[in-house]
Amino acid sequence: MSRTMRKKHLLAGLAAAGVLGVGLAAPTVAFAADGATPTPSASTGATEGGDRERQRTDRQAEFAEKLAAELGVDTDKVTAALEKLREEHKPADRPGKGDSADRQAAMKERLAQAVEDGKLTQEQADAVTAAAEAGVLPGPGGRGGHGGPAGR
């Protein structure tokens with residue numbers, strides 16, 4: 001093959017790789033920009049949960065609107081279909097997260113069982129409870145989630 005043809009093939013390959021890279025990077029950057037990390041505030045955990053729930057609902061509504069526009073279908077129809085799929089794929093053994101009080105009560109029950117089983121002392125269980133309520137640990141009363149405190 002001639003040198004010119006090799007250069008053309010090389011340039012075509014590089015161009016294709018560049019287009020592929022931009023095609024993969026652009027949605028990733030857009031998604032990352034959309035999911036900005038919230039700043040800590042003096043609000044309570046219930047308020048933060050309400051804000052998160054409102055933001056989640058807003059994002060889902062925006063997604064449904066964009067999907068409906070792309071498909072040329074009514075937004076209400078897309079929203080209903082998405083909700084139906086969510087319900088169908090919801091695990092039967094995990095009906096929902098429950099509120100903070102329910103999670104805190106469940107955590108205290110697990111800690112009490114660990115004390116009863118001899119895995120923890122009562123002082124250790126009390127320390128874990130106090131740390132969670134103070135927001136040091138992710139979980140009931142704490143600000144963290146998957147990945148550690150404050151989503152880090």
Side-chain angles (χ1 to χ4, degrees), residues 13-152:
L14 289 174
V19 169
L20 180 63
V22 169
L24 292 175
T28 304
V29 170
F31 181 73
D34 185 40
T37 305
T39 57
S41 66
S43 63
T44 63
T47 303
E48 288 176 0
D51 287 346
R52 256 187 247 135
E53 185 63 30
R54 183 182 47 76
Q55 289 172 349
R56 179 178 167 264
T57 303
D58 291 347
R59 282 192 311 268
Q60 288 176 347
E62 182 181 353
F63 175 75
E65 289 173 15
K66 288 180 180 180
L67 184 59
E70 184 69 28
L71 296 173
V73 180
D74 185 44
T75 303
D76 293 334
K77 192 172 184 178
V78 170
T79 304
L82 290 172
E83 190 60 38
K84 179 183 174 189
L85 289 172
R86 269 189 218 101
E87 287 300 317
E88 287 177 2
H89 290 90
K90 187 182 238 183
D93 61 341
R94 187 174 166 218
K97 288 185 176 182
D99 65 359
S100 180
D102 291 342
R103 290 190 310 268
Q104 189 167 7
M107 181 189 72
K108 286 182 180 181
E109 287 177 24
R110 289 192 308 272
L111 288 171
Q113 185 63 46
V115 170
E116 187 177 312
D117 294 344
K119 295 178 180 178
L120 293 176
T121 65
Q122 186 60 50
E123 292 77 26
Q124 290 170 325
D126 293 341
V128 170
T129 302
E133 289 173 352
V136 175
L137 299 176
R143 297 179 320 139
H146 298 291
R152 282 187 232 151

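One-based numbering along the sequence shown.
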Is it true that [X] and [Y] have a side-chain N and a carboxylate O under 4.0 angstrom from each other?
X	Y	answer
Arg56	Glu53	yes
Lys84	Glu87	no
Glu70	Lys66	no

About how many Å separate [atom2] of [Y] and [atom1] of [X], when rounded to the nearest 0.5 Å?
X	Y	atom1	atom2	value
Glu65	Asp76	CD	CG	10.0 Å
Leu67	Leu82	CG	CG	6.5 Å
Asp126	Gln124	CG	CD	10.0 Å

(request) Using distance alone, with no hydrogens and no angle criterion, decide if Asp51 and Gln55 have a side-chain donor and acceptor under 3.5 Å apart. (result) no

Could you tell me whether the side chain of [Y] reaches within less than 4.5 Å of the side chain of [X], counting heavy atoms only?
X	Y	result
Gln113	Lys119	no
Phe63	Val78	no
Val128	Leu111	yes
Lys108	Thr129	yes

(request) Without swapping roles, check the side chain of Glu133 against the backbone of Ala130 for a donor-acceptor pair under 3.5 Å. (result) no

(request) Work out which heavy atom in Leu85 is nearest to a heavy atom in His89; give both atom names and the distance. (result) O-ND1, 2.9 Å

